[in-house]
Amino acid sequence: MPPPGTASPKKRAPQGHRRLLTRRDRLTLGLMAGLPTILHVALVWVTALASIALAFTTWNGIGFDSIQWVGLDNFKELFTNNPQFWPAVEHNVVWFVVLILIPTPLGLFLAVQLDKKIRFSRVYQTAFFLPVVVSMAVIGFVWQLVYNPDTGLINSLIGANEPGHYIDWIGDPDLNLWAILVAASWRHTGYMMILYLAGLKSVDPALREASALDGANEWQTFKNVIFPTLRPTNTVVLVVTIIEALRAFDLVFVFNKGAEGTELLSILVTNNIIGESSRIGYGSAIAVVLLVISLAVIIPYLVATFRKERRA
């Protein structure tokens with residue numbers, strides 16, 4: 001009992017009931033977490049679901065009353081009556097094959113060389129990675145100057161900038177896709193270099209030392225010891241390259257807006273939704289096809305990644 005005339009001591013609140021955050025803190029955290037979530041749901045999930053729903057309708061974009069349900073008619077027309085669809089699919093496949101066969105091995109080669117800690121390696125990394133951080137639209141404008149038939153760098157070097165000897169790298173349907181792929185490969189090489197360089201940095205140095213003690217040369221060490229350890233990086237590289245091939249848009253649109261032999265699925269989506277004769281339902285059907293192809297690649301990768309994490 002406390003002595004007479006003294007106030008009784010205040011009871012301490014239990015630890016579990018102590019307020020760690022004030023009302024202002026909770027409001028701030030709610031805004032910081034809530035606003036990005038709302039924007040993400042509205043701009044990504046709602047639009048994606050709306051696009052899937054519109055793929056089964058016909059709509060010219062003027063008033064919601066003009067939306068009409070047509071079922072699978074858009075997909076039937078797409079697969080049977082659109083002369084640009086299958087060439088666009090073929091071009092996307094060609095885009096992937098070129099990216100996986102040319103800039104990917106070149107990026108691996110550059111990563112291996114830079115991993116040897118040569119002089120000015122930071123300068124080389126910056127130079128090779130610079131195209132990755134530059135906007136694709138800017139890259140397109142730069143390569144338009146390179147491919148210019150009259151004053152372009154390539155025609156000037158090979159002597160094809162004289163009247164009667166011009167080589168139209170962008171206007172020729174037999175050349176323009178390959179010319180654009182050169183520009184895309186130039187950018188993709190730096191991307192692959194950074195990915196492989198990060199994978200090489202995680203290789204245990206003891207493996208290199210053990211290989212050297214066994215008498216293996218540099219090529220044998222890379223082929224039999226280092227490259228097998230890059231399997232997770234190779235998986236990421238494959239998925240990234242497929243996604244890059246499917247979402248290719250900027251370079252083609254800057255060069256010639258997907259005309260004259262450079263059709264891509266992303267270009268068809270844009271032309272049908274934003275073109276002069278807006279066919280939002282038909283364009284959404286093409287977008288759904290592109291989404292299905294992307295998910296067919298991404299979902300197996302995520303499943304394999306989650307399984308690996310569970311085993312670990």
Side-chain angles (χ1 to χ4, degrees), residues 44 91-148 152-154 169-170 176-203 222 226-227 229-258 262 264-267 269-270 290 293-294 297-298 301-302 305:
V44 177
H91 294 161
N92 278 104
V93 173
V94 170
W95 199 286
F96 165 72
V97 172
V98 171
L99 291 186
I100 205 68
L101 292 182
I102 298 178
T104 299
L106 183 56
L108 176 59
F109 173 77
L110 294 176
V112 171
Q113 301 306 314
L114 293 176
D115 190 51
K116 297 178 181 179
K117 298 179 180 179
I118 59 178
R119 295 182 61 183
F120 307 113
S121 61
R122 296 292 183 182
V123 177
Y124 297 142
Q125 290 181 31
T126 303
F128 292 130
F129 190 69
L130 184 61
V132 182
V133 299
V134 176
S135 170
M136 294 290 286
V138 175
I139 293 176
F141 288 125
V142 170
W143 279 89
Q144 273 188 326
L145 299 177
V146 174
Y147 287 132
N148 188 284
L153 175 63
I154 296 180
W169 298 97
I170 300 176
N176 50 19
L177 179 63
W178 305 106
I180 297 173
L181 284 171
V182 170
S185 300
W186 177 65
R187 176 186 181 274
H188 199 68
T189 299
Y191 196 1
M192 297 298 99
M193 180 200 69
I194 291 298
L195 292 178
Y196 276 118
L197 191 59
L200 291 171
K201 296 297 183 183
S202 63
V203 176
F222 174 78
I226 297 177
F227 190 74
T229 62
L230 295 177
R231 184 177 179 181
T233 305
N234 290 329
T235 304
V236 174
V237 165
L238 178 62
V239 173
V240 167
T241 304
I242 294 174
I243 294 175
E244 287 289 324
L246 290 176
R247 73 183 188 93
F249 172 79
D250 312 67
L251 280 177
V252 177
F253 193 80
V254 169
F255 270 83
N256 59 359
K257 297 183 179 181
T262 58
L264 295 173
L265 290 176
S266 56
I267 296 293
V269 173
T270 304
L290 190 59
I293 298 175
S294 303
V297 177
I298 296 174
Y301 167 72
L302 294 177
T305 302

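Worth knowing before you read on, the calculation uses all heavy atoms, side chains too, and leaves out hydrogens, waters and symmetry mates. Given the structure is predicted, the values throughout are model-derived calculations rather than measurements.
For Val269, the side-chain contact (heavy atoms from CB on, under 4.5 Å) partners at least two apart in sequence or on another chain are Ile273, Ile286, Ala287. Judged as a side-chain contact (heavy atoms from CB on, under 4.5 Å), and not counting sequence neighbours, the contacts of Val123 are Phe120. For Phe253, the ring-ring contact (aromatic ring centres under 6.0 Å, His included) partners at least two apart in sequence or on another chain are Phe249.
You'll find the side chain of Val98 reaches within 4.5 Å of the side chain of Trp178, heavy atoms only. A 4.5 Å side-chain heavy-atom check between His188 and Leu106 finds every atom pair outside the cut-off. Put simply, the side chain of Ile293 reaches to within 4.5 Å of the side chain of Leu246, judged on heavy atoms. Looking at heavy atoms from C-beta onward, Leu197 lies in side-chain contact with Lys201 at the 4.5 angstrom threshold. You'll find the side chain of Asn176 stays beyond 4.5 Å of the side chain of Phe255, heavy atoms only. Here the side chains of Thr233 and Tyr196 are in contact, with some heavy-atom distance below 4.5 Å. In this structure, Leu99 and Tyr191 have side chains that are not in contact, with every pair of non-hydrogen atoms separated by 4.5 Å or more. Side-chain contact between Tyr124 and Leu110 is absent, with no heavy atoms from C-beta onward closer than 4.5 Å.
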inquiry  = Does Val146 form a side chain to side chain contact (heavy atoms under 4.5 Å, CB included) with Trp169? I'd like the steps, not just the answer.
reply    = CA-CA 10 Å; Val146 174; Trp169 298 97; over 6 Å; no
task = Could you check Val132 against Ile194 for side chain to side chain contact (heavy atoms under 4.5 Å, CB included), going step by step and ending with a plain yes or no?
result = CA-CA 10 Å; Val132 182; Ile194 291 298; over 6 Å; no
Stepwise side chain to side chain contact (heavy atoms under 4.5 Å, CB included) check, Glu244 with Val240 = CA-CA 6 Å; Glu244 287 289 324; Val240 167; 4.2 Å; yes
task = Using the side chain to side chain contact (heavy atoms under 4.5 Å, CB included) rule, take Leu200 and Leu114 through it: C-alpha gap first, then chi angles, then the decisive distance, then the call.
result = CA-CA 10 Å; Leu200 291 171; Leu114 293 176; over 6 Å; no
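With rounding to the nearest 0.5 angstrom, the NE2 atom of His91 is 12.0 Å from the CD1 atom of Ile267. Leu264 CG to Leu177 CG: the interatomic distance, rounded to the nearest 0.5 Å, is 7.5 Å. Within the model, atoms NZ of Lys257 and OG1 of Thr262 stand 12.0 Å from one another, a figure rounded to the nearest 0.5 Å. Taken to the nearest 0.5 Å, the CG atom of Asn234 stands 7.5 Å off from the CG atom of Leu108. The CG atom of Leu265 sits 4.5 Å away from the CG atom of Asn92 when rounded to the nearest 0.5 Å. Considering CG of Leu153 and CG of Asn148, their distance stands at 11.0 Å, rounded to 0.5 Å.
Closest non-hydrogen pair, Trp95 versus Ala184, comes out as CZ2-CB, 3.6 Å. Taking each heavy atom of Thr189 and Pro103 in turn, the nearest pair found is OG1-CB, 3.3 Å. Here the closest non-hydrogen pair linking Pro105 and Leu101 is CG-O, 3.3 Å. Across all their heavy atoms, Thr241 and Val237 have their closest contact at OG1-O, 2.7 Å. Here the closest heavy-atom approach between residue Gln125 and residue Met193 is recorded as O-CE, 3.8 Å.
Ring geometry, Trp186 versus Trp143: the interplanar angle exceeds 60°, so the pair is classed perpendicular (tilted spans 30 to 60°).
Here the side chain of Gln144 pairs a donor or acceptor atom with the backbone of Val254 at under 3.5 angstrom.
The number of heavy atoms from other shown groups lying within 6.0 Å of CZ (Phe227) does not exceed 12.
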